[in-house]
Each structure stands twice: as structure tokens, then as C-alpha cells.
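A short worksheet on the structure shown next.
Reminder, nothing fancy here: chain letters follow the sequence lines and each chain counts from 1. Just so you know, these numbers come straight off a predicted model, no measurement behind them.
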Amino acid sequence: MNTPTDRQTQHQQANKKLVGRLVLIVAAMFGFGFAMVPLYDVFCDITGLNGKTNSEAVSTVAVDADLSRQVRVQFVTHNAKGVAWPFQSSLPSIKVHPGVMTQVEFVVENPTNRPVIAQAIPSVSPGLGAQYLRKLECFCFNQQPLAPGERKVMPMQFYIAPDMPNDIGTLTLAYTLYDISNRGDQPANAQTAAP
Amino acid sequence: MTSMTEQNDIAAQQHDETNEHHHYAPKGIMRWLLTTNHKDIGTLYLIFAFTMFLVGGAMAMVIRAELFQPGLQLVDPNFFNQMTTVHGLIMVFGAVMPAFTGLANWMIPMMIGAPDMALPRMNNWSFWILPFAFAILLGSLFMEGGGPAFGWTFYAPLSTTYSSDSTALFVFSVHIMGISSIMGAINVIVTIVNLRAPDMSWMKLPLFVWTWLITAFLLIAVMPVLAGVVTMVLTDKYFGTSFFDAAGGGDPVMFQHIFWFFGHPEVYIMILPSFGIVSAIIPAFARKPLFGYASMVYATASIAGLSFIVWAHHMFTTGMPLFGELFFMYCTMLIAVPTGVKVFNWVATMWRGAMTFEVPMLFALAFVVLFTIGGFSGLMLAITPVDFQYHDTYFVVAHFHYVLVTGAIFSIYAAAYYWLPKWTGHMFNEFWAKMHFWCSLVSVNVLFFPMHFLGLAGMPRRIPDYALQFADVNQIVSIGGFAFGLSQLLFVVVVVKAARGGEKAAAKPWEGAEGLEWTVPSPAPYHTFETPPAVK
Ligand code: HEM
Ligand SMILES: [Cu+2]
């Protein structure tokens, strides 16, 4: 029969091996937590789930207009916490035929006496509709520097993809305006643009 | 505590006298600081968990006092939010989880015929870093700007853009708690895999051991994800990253995905060991073997597996597409199947058993009934369309308190009363223990049952003030709360009395109890099973 000390040394080897494996799992899961960040973006990109629109201009291939139906596109603007700059779209909403290019203007004003940098972040509801709202030009593609007192008219050009399912009758495009003056060196959409 | 120390010292001395090799264990405080003995560490965990239970409970009393009447009377809203946040964090990470780890330390080696935990020194570390974690968390309450006030779920941007300056302390304390429970889990796995007595085959393992093994795997799978997400909160707040900040290209909804990927398995971490406890106690007092042992093992494993694919049932209202809502709804409902198997097995075990109603059995029975109520309200919440109505209301608060208080905590009480004779060597005072049970049972239902109605009527959770029509029910709830809080002090009375003295407990004080832990004398000697026992 084994003495207790024999048993101990036998176990020590086995223990070390198992601990090593378990620590590997722990490390892998810690990595997985961070890997969820790019995975999330890729997943949303492929499925178009979370209402993000394209962050760079789509190429202007000719699309056939679908004059048989109209889609209402609503524009909503918000200011993030601590931003008190007037920011509005020229129209509250517009009815468009899928495939027809449309331009809408947004106006932002810097009422302060210091230069600021603004960044607008778009989001579309319903989320599944986001992939059909294609932008050719958007002020949200870039940071928007604003001189003291400057009032800026910013165009946004888009069309609705004609293959958008019929059950989506209204799209809401919401912009939130952030003050990124203090983090101006960072490219906007740094993470969404990555994949 | 002194008497426990003395009494364990005596056990140690007796052992030294009767055994061939000698240990010169340090005395007094150093003994506890340096101990690597699984029974000592188990005791430390249990005392710590109960202390935290009282601290977190005191915060709940503040919450219920403020909510006794509509309007703001006792505390300001920011402090109220700190109370709800820290109450939740303490109860989850400071009370329920350490209590289970304490039970694991005490019982797993004795149940599998091992001399100690496999990694005794790491065991000492996993316990002794915990008090520091909670000292940091509690200390942050006294900083300027206050402690964490964003809820135990610390959703971004509440925890990033809008949180107080002490958030770094919150993050570090969660890191330490995480490291502690990961080390504890590794220890449990290695002990169960490597130190079982030679003829203790997998399908002979007591269910408490099985459920803890599966829990430990859940812990090492998700605690690192929690560590990751708090780290992201830390860098978003202090180092200019934008994981969750839309202005920098991040996404606050992603926080919820990562958090609940940890969070849902976490709620099962807090209930699987309970299943093991109840599966030990019901057969003992029904005097029948557990019905469906193998199905219990498979049900536990499938609950653990499913818990990784249901997380978004906490996020039905974040604007998921229909397919996502349906997927998470059906997966969540699927979990009710293995859970139902368990409840069925417990009831079938009692069927035509020769039942007696000692205090551990009373708590176990209350567990079965009340946990099931919590399971049903969970099912209601899993129905996506109605969750839009119930989400973030007191209905959710009622749900998780039924599963956690009358579930997890009642099972811990059941375990404590079941094994107390083994730990102290004395029978506890039956009268006061029964008082503790009945007072808790009545008050806990007065406390949590009406919350269902408050939630259905639309009272939001996490608010210091509320609309007038909720006043009467809140008053009843608060009274139940104070009564439940006071009733818990009876447990202190019972444990202190049993530690000091009382009727001597036999090696097997419960007639129908099964398992290796009942083959050693009561109180369990300082060292047990230095040579592996035979298992029938
Ligand atoms: C049949 C089993 C269960 C089902 C179907 C279920 C379902 C749910 C759902 C859908 C929610 C989200 C409600 C909302 O926020 O709108 C929820 C919340 C919650 N559940 Fe369960 N649950 C079950 C069992 C459990 C168990 C066993 C525990 C813990 C031991 C638990 C703990 C919690 C907690 C803590 C929350 C609230 C988290 C928070 O928002 O703070 N649940 N449950
Ligand atoms: Cu859940």
C-alpha cells in the first residue's frame, strides 16, 4: 500500500499538469473577452444588426429607381452630454423612392468662443434597415472642426437600396453629436472601420 | 469565533497526540493567516461570507427604509444608488459565492475521501485576498463623489462617462474578487479530478461534488470575461479608449453583450451548488436514495452548457432583430426543461419517503417550493413580448430575489444546519433554529412576493422615490424586509451556541444521511482521510 507521502508526490505531478491546462483556459477566456470586441463589429457588419450605417462613402454604381413605392426617412438629432451646440436637420423627414439619390442638409453652430471639433455618430432604426440606407456623402464620415461662432451647413447624400424588404416602410436616421475637441487626434469610427 | 478557534485547536492537539507525525501550527491570529488546512479555510470563508451578508443586508435596510414612504426622506438619490449597487455586488461576490466556496472547502475533500484540497497554499491566498477586495470596495463609499452608483451590472456609459472618480477602486476590487474565485475554482477542479479516493468513481460522486465541479468550470470560463470587461471600463474611463464610447467608434450595447456573457452563467454559478446541497439533504430526511441520480448530473451539465447561449434575455429591449429575440427566448425557455427535471426528481425522492422535518429539511423544502416560484417568474420574463413590460421593474427584482434569497441563500442555510454538527461537534438548538426558519420563511415572502405586483403595476427598479399608488405595497414590503433582516440575527445565536457547546453530536447525527463525511467523528478531526477510505 502507498504511504501518504508517496501519494502526495504522485499527485503533485498530475496536479501541475491539470493546473497548467486550467490556467490556459483562463488565459484563453480572458483573451476571448477582448476578442468579442472585433467579433461584435464583424458580426454586426455582416448581419447589419445594430443600426450602424456605412462609415465611408459607397461607390456610385447606377441603381434603378423603384418608382412603385415610397419610403419615409426620418431625421433625428441629439447632443451628447455636455454639448450645447444647436444641431438640426433642414427637414424632419422626407419621402423617397428607393434608388433615387437624395440630399438633406444638417446645420450645426458653435456658439462658444473657442474652436471645437464635432463628430456625429449615426444610427438607424429599425436596425435591420441600416444596411439599405446607403450614404454617398455624410458629415459623419469626418470630424467637423468649428471655429468660434461658426455656423456650418453640412450635406448628407443617400439613397435607399431598392432591394430593401417591403415591410420596412419607415427608416429613422438618428445622429448624436459629440464634442471630441480633447480627443481630436483619434480617427472617428476607429473601431468600426477596422474590419 | 474564539470558541471555534479553541475547539479546532483542541481537535488539532488531539490529533497530534494520536498521530505519528507532529505539526507545530502557530497559535492565535497567525494560525488563521497562515493556515492551509481546508477546514480552517472553509471556516474562514463561511465567517467572511456571513459578515458580508450582514453588511450587504444593512445596505438593504437603508434601501427599504428610504422606500418605506414615497418622497425622499433619509438619503439623497446618489447615496441610494450607491446602496443598491454595493448591496448587489456584496451579496453576489461577497456573500453567496464565498459561502459556496467555504462549503466546498469544508466538504469536498471529506466527501471524496481526500486529505485536503489539492493546492493548499493557493487556497490560503484565494481566501486572504478577498477581505482586501471588499475593504477597497467599501472604502470607495467614503471617497469624495461616493462609491460606485451604477448598479451591480455597471452598464456603460453609466460606469464610464457618468461614474464617480472612485471607479478605479471598484475595478480593482472586482479584479481581486475575480482572481480569488478563479483560484478557488482551479483548486476545486484539481481536487475532484486528482484526489478522489481510489474507488470513488465519477458516477459515485455525491451531487454536491458534481455540481461544484461544473460550477468551477463555469467560473474559469466566465470570470476572465468579467475581468476583461471591467478592464475595458477602466481604460475607457481613464485612458481614452473607446470600447463603449460611440464618439470614438465604440458601442455601449456591446458592453451589455460582454457583461451578460459573463452575467448569465454567473447566476448559475450561484445556484448549481444549491442543487447539490438540496440533493444531499432531501434523500437524508426522506430516507430514500435520490431519485434519478444520473439525470441530475446530466441536467446540471446541460444547464451549464445552455447558460452560455441565453445571455441576451437580459437585453430584449435593446432593439435586437426579431430573429435574435426569438432565438434567445426559446433557448431561455429550454433551460426550464433540465431545471424541471431536477424539481421532479426532488419531489419523486420525497414520494412515499419516511419524511421528518428537521431544520435542514425545512430549508430544503422551502428551497424547492420558492425556487420554483422564481423559476416561473423567470419563464414569464423569458417571453420576449411581455418582457418589454416587465423589464427594469420590480417584477425582475422579485424574480431574482426568489432564486437568490429563497434559492441560493436558503440552500446555504440548509447546508449550514445539515453540517453544523459535523463542524462543531454539537447539535444546534432546535428551538432557535426553527424560529430562524419560520421567521425567515414568513418575512421573506412578505418582503418579495408583493414586489411581483409592484412590477406588474409598473414600478421601476433602482429608484429612491416612486408614485403614490405604490405606497401601501411598498410599506408592506419594507416591513417584511426589516423582519427578514432581524430574523437573520437568530442564525448568529444558533451558530454561536452550537460552537460553544450543546448536546454532543454523533458521527452521523442524521439517521438517513449518506456519504463519507459521516464516517469521521464529529467534530471532524483536523486531518481526515490521510489514507484513502474504502467506498462502497
Ligand atoms: C428557469 C430559469 C430562469 C429563467 C427562465 C430566467 C429568466 C430571466 C430573464 C428573462 C431575466 C431578465 C429580466 C429582465 O431584465 O427584463 C432574468 C433576470 C435575472 N435572473 Fe433569471 N431566470 C431563471 C433562473 C434564474 C436563476 C436560477 C438565477 C440565479 C440564481 C437568476 C438570476 C437572475 C438575476 C440576478 C436577474 C437580474 C439581473 C439584473 O438585471 O440585475 N435567474 N432572468
Ligand atoms: Cu439570465
Report task. Kindly compute the distance separating NZ (K16(A)) from CG (L119(B)), expressed to the nearest 0.5 Å. Result -> 11.0 Å
**Report entry** I220(B) portion near chain A, given a 4.5 angstrom heavy-atom threshold
**Finding:** both
Query raised in the report: What are the two closest non-hydrogen atoms of I189(B) and L18(A), and how far apart are they?
Result: O-CD2, 4.3 Å
Report summary line: When every non-hydrogen atom of M36(A) is compared with those of M254(B), the smallest separation belongs to O-SD, 4.4 Å
Query raised in the report: Out of N194(B), V190(B), L322(B), which one racks up the most heavy-atom pairs below 4.5 Å with chain A?
Result: N194(B)
**Report entry** Side chain, backbone, both or neither of A80(A) within contact of chain B (heavy atoms, under 4.5 Å)
**Finding:** neither
Query raised in the report: Could you state the interatomic distance from CD1 (I186(B)) to CG (N15(A)), rounded to the nearest 0.5 Å?
Result: 12.0 Å
Requested in this report: Sort F217(B) into side chain, backbone, both or neither according to what part of it lies under 4.5 angstrom from a heavy atom of chain A.
Outcome: side chain
Report summary line: Applying a strict 4.5 Å limit to non-hydrogen atoms, the region of F323(B) in contact with chain A is neither
Query raised in the report: Roughly how far, to the nearest 0.5 Å, is NE2 of H257(B) from CG of L39(A)?
Result: 12.5 Å
Query raised in the report: Among P157(B), G324(B), A221(B), who wins on heavy-atom pairs under 4.5 Å with chain A?
Result: A221(B)
Report task. Mind checking the CE-CZ spacing from M29(A) to F261(B)? Nearest 0.5 Å is all I need. Result -> 4.5 Å
Query - Residues of residues 222-231 of chain B near chain A, each having a heavy atom less than 4.5 Å away - result: P224(B), V225(B), A227(B), G228(B), T231(B)
Report task. Inspect the surroundings of CG in D163(A) and state if more than 12 heavy atoms from other residues, nucleotides or ligands are less than 6.0 Å away. Result -> yes
Report task. Check the surroundings of atom CD in Q103(A): do more than 12 heavy atoms from other residues, nucleotides or ligands lie under 6.0 Å from it? Result -> yes
Query raised in the report: What do you reckon, is CZ of R69(A) surrounded by more than 12 foreign heavy atoms closer than 6.0 Å?
Result: yes
Report task. Just say parallel, tilted or perpendicular for the rings of F34(A) and F243(B), cut-offs at 30° and 60°. Result -> perpendicular
Query - With F150(B) via ring pair (Phe, Tyr, Trp, His ring centres under 6.0 Å) - residues at least two apart - result: F170(B)
**Report entry** W125(B), CH2: over 12 other non-hydrogen atoms inside 6.0 angstrom
**Finding:** no
Query raised in the report: Do the non-hydrogen side-chain atoms of V37(A) and I258(B) ever get within less than 4.5 Å of each other?
Result: yes
